[in-house]
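One-based numbering along the sequence shown.
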Amino acid sequence: MSCQSDFCRLLLLTTENHWVSLLDRLLAEQTEPAWLLVASSWQDATQRYPGGLPDLIFSTPSCLPAAEQCPLQPILLLECAPLAPPPGGQDWLARDSLSAEVLRRCVDYSRQRQAWQTQAERDPLTGVINRQGFQALLHKRLQHNRGRGLLLGYLDLDNFKHANDSLGHRAGDQLIQQVAQRLAGVLGPQDCLARLGSDEFALLLDVSQSSARVESVAQTLMQTLAEPYWLQDESLSLGCSLGLAYGRAGEDADRLLWHAQAAMQQAKHEGGCSYRLYDERSSSQARRLADVECELRRALRRDELELHYQPRQDLASGAIVGVEALVRWRHPQRGLLYPQDFIPLAEQSGLIVPLGYWVVDRALRDLRWLAERDLLLNLAINLSFSQFQDSQLLPTVKRLIENCGVAGRWLEFELTETAMMRRSDYVLDTMSCLGELGVRFSLDDFGTGFSSFVHLASLPISLLKLDRSFVSGMAVRPEQSRLVSAMISLARNLGLEVVAEGVESEAELALLQQFGCDQGQGFLISKALPLVELQRFLQGQVQVQGQRQEPLLSLSLG
């Protein structure tokens, strides 16, 4: 609003010329130069002096702007001293006692108070405004033009917690500073950037001139933040999830923030590194997600989950050499729910981590129960990638093993090849630490991801599990049969055992035996059984087979 940036910028809102003459004369007596801008109203001032806010605003009562219109609180200009402080202003000056010294003290105090307020509303790490300052700014901007032409962005960094835990908090602070600098470089002069929390930012975009700006800015933000960061002489890639919501008439700041955050969660649930625009449908999905998530949390507290176990057979001897545990949810209204009904929700909401720990704990207790009945089993646990990223994985697994009273060598963790490929260095480090506890590893759903043979050979795994999509129909499709044979040969050449999932016909079983597959599981062998039924099944197999091989218990969330 000023063309003289070196001067103190003062705006006078009045229609009375004697106030213009008086302030002009008193300002001439000041040691610090000042530039006095005059307008009849705040609207008149924004049209006459575009380009920025003044340092201070003076206003006569008749020209006082509404609080929702003006971002700064004016100093009231009165004819005489009032009996009580008048509303609508941060301070007041009376013409009958106004002098150059009084004006100087008033200006100095007002500018100092604004500086304190600005400092309180700034994030000390990045220098952008904080949540408190942004809430006030958003409220004012929504009041102006009833929110039209405003777009709010809610941005959350993907996997920041892991970067912060692995690199240290100082590097995490440097990362946040780099993110803020990149964001500021994308935004325009009329836009606003704020830091709302640890790795969450708000972007207030002015789209009044062109709605087409939304897509270009969002894509530029995604590309800019996807570029590698350099921290402690190391390169780090970090994505983000962005939710966007338009300001609407009659909408308050909290609701608009909730809309943008809901859209951000939608982007994150779809894999991150993307942006979504809020609409009512996504809002309904977010509410449904929140409701079911609440139910699942209660299920964990009320012990509504249970494990069923599906036997695994040695295809050479016919002996049962393992079982795979499958988690079920016994819902009080909907009955027994299968993994496909709630595991995707657990992944989206982050509940997969506590759910995974519940499965480990329950399976170890079941293992102890079976061991007390002379049915000691090795235990393989299917971990999600989210579980592998959790910083408490190692201490929690160690504690659960110790509480159960079993050695780590009885454990085998299963990972999908997609999870192993996403962060190979981190996965290998974690596997190495778990290996020191005696834990073994297997590769689940082999063939459905994108791992290379070189990468596969470098992994510390002992077993491959062929996905049921390859086994099903193998007996009637020669090309699929040849593919399964080749995959089994590959695994055997690498010194790995092979387990085929989804064996449902005698013809499929015969082909797997012909190809040299080590183990199989599926409805042909047995369905998944509750623990007590599993005990009877295993004891019956012992009687049939006599002295059997040491069995393997494979635990899966799926």
**Student:** Going by atom types alone, do Asp91 and Ser110 pair a side-chain donor with an acceptor below 3.5 Å?
**Tutor:**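 No.
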
**Student:** Checking Arg195 against Phe134: charged group under 6.0 Å from the ring centre and within 45 degrees of the axis?
**Tutor:**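 The answer is no, since Arg195 fails at least one limit relative to Phe134.
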
**Student:** State whether Arg111 and Glu32 are salt-bridged, where the test is any N-O pair (Lys NZ or Arg NE/NH1/NH2 against Asp/Glu carboxylate O) under 4.0 Å.
**Tutor:**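 Yes, Arg111 and Glu32 are salt-bridged.
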
**Student:** Anything under 30° is parallel, anything over 60° is perpendicular, the rest tilted; go ahead and classify His259 against Tyr278.
**Tutor:**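 Geometry flag for Tyr278 against His259: parallel rings.
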
**Student:** With a 3.5 Å distance limit and no angle check, can you tell me whether Gln30 reaches the backbone of Leu26 through a side-chain donor-acceptor pair?
**Tutor:**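 Answer holds: yes.
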
**Student:** Measure from the side-chain N and O atoms of Asp444 to the backbone N and O of Leu415, and report whether any donor-acceptor pair falls under 3.5 Å.
**Tutor:**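 No; zero donor-acceptor contacts below 3.5 Å.
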
**Student:** Cut-off 3.5 Å, side chains only: do Thr126 and Asp123 have a donor facing an acceptor?
**Tutor:**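 Asp123 and Thr126 do have a side-chain donor-acceptor pair below 3.5 Å.
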
**Student:** Is the backbone N or O of Leu11 less than 3.5 Å from a side-chain atom of Tyr49, with the two atoms forming a donor-acceptor pair by type?
**Tutor:**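 Not confirmed, Tyr49 side chain does not pair with Leu11 backbone.
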
**Student:** Do Arg298 and Asp303 sit within salt-bridge range, that is, some charged N less than 4.0 Å from a carboxylate O?
**Tutor:**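 A salt bridge is absent here (no side-chain N lies under 4.0 Å from a carboxylate O).
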
**Student:** What's the shortest heavy-atom distance between Ala94 and Cys80, and which atoms?
**Tutor:**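 Closest approach of Ala94 to Cys80, heavy atoms only: CB-C, 3.6 Å.
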
**Student:** Answer yes when Arg213 and Asp191 have at least one side-chain N-carboxylate O distance shorter than 4.0 Å, and no when they do not.
**Tutor:**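 Yes, charged N to carboxylate O under 4.0 Å.
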
**Student:** Considering non-hydrogen atoms only, spot the tightest contact between Asp206 and Gln190 and give its length.
**Tutor:**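 The pair with the smallest heavy-atom distance is OD2-CB, 3.6 Å.
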
**Student:** Tell me if the CD atom of Glu215 is crowded by more than 12 foreign heavy atoms within 6.0 Å.
**Tutor:**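 No.
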
**Student:** Give the minimum heavy-atom separation between Asn130 and Ala194, together with the two atoms involved.
**Tutor:**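 The pair with the smallest heavy-atom distance is O-CB, 4.4 Å.
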
**Student:** Taking Arg182 for the side chain and Thr224 for the main chain, is one N or O donor matched with an acceptor at less than 3.5 Å?
**Tutor:**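 Yes, Arg182 side chain to Thr224 backbone: donor-acceptor pair under 3.5 Å.
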
**Student:** Any idea which heavy atoms bring Ile129 and Leu193 closest together, and the distance?
**Tutor:**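 Result for this residue pair: CG1-O, 3.6 Å.
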
**Student:** Just by distance, do the side chain of Asp44 and the backbone of Ser40 share a donor-acceptor pair under 3.5 Å?
**Tutor:**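 Pair found, side chain donor or acceptor close to backbone of Ser40.
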
**Student:** Has Asp55 got a side-chain atom pairing as donor or acceptor with Arg9's backbone, closer than 3.5 angstrom?
**Tutor:**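 Yes, the answer is positive, given that a donor and an acceptor are paired below the 3.5 Å cut-off.
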
**Student:** For residues Leu394 and Thr430, report the shortest heavy-atom separation together with the two atoms involved.
**Tutor:**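 In terms of heavy atoms, the two residues are closest at CD2-O, 4.3 Å.
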
**Student:** Just by distance, with hydrogens left out, do Gln43 and Gln47 show a side-chain donor and acceptor under 3.5 Å apart?
**Tutor:**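 Side chains of Gln43 and Gln47: no pair found under 3.5 Å.
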
**Student:** Where do Phe441 and Leu434 come nearest, in terms of heavy atoms and distance?
**Tutor:**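 In terms of heavy atoms, the two residues are closest at CZ-CB, 3.7 Å.
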
**Student:** State which residues pass side-chain contact (heavy atoms from CB on, under 4.5 Å) with Asp341; sequence neighbours excluded, sorted by chain then number.
**Tutor:**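 Listed in chain order: Leu337, Tyr338.
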
**Student:** Salt bridge check, Glu402 against Arg399: does any charged N sit closer than 4.0 Å to a carboxylate O?
**Tutor:**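 Looking at Glu402 together with Arg399, the answer is no, because their closest N to O distance does not fall below 4.0 Å.
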
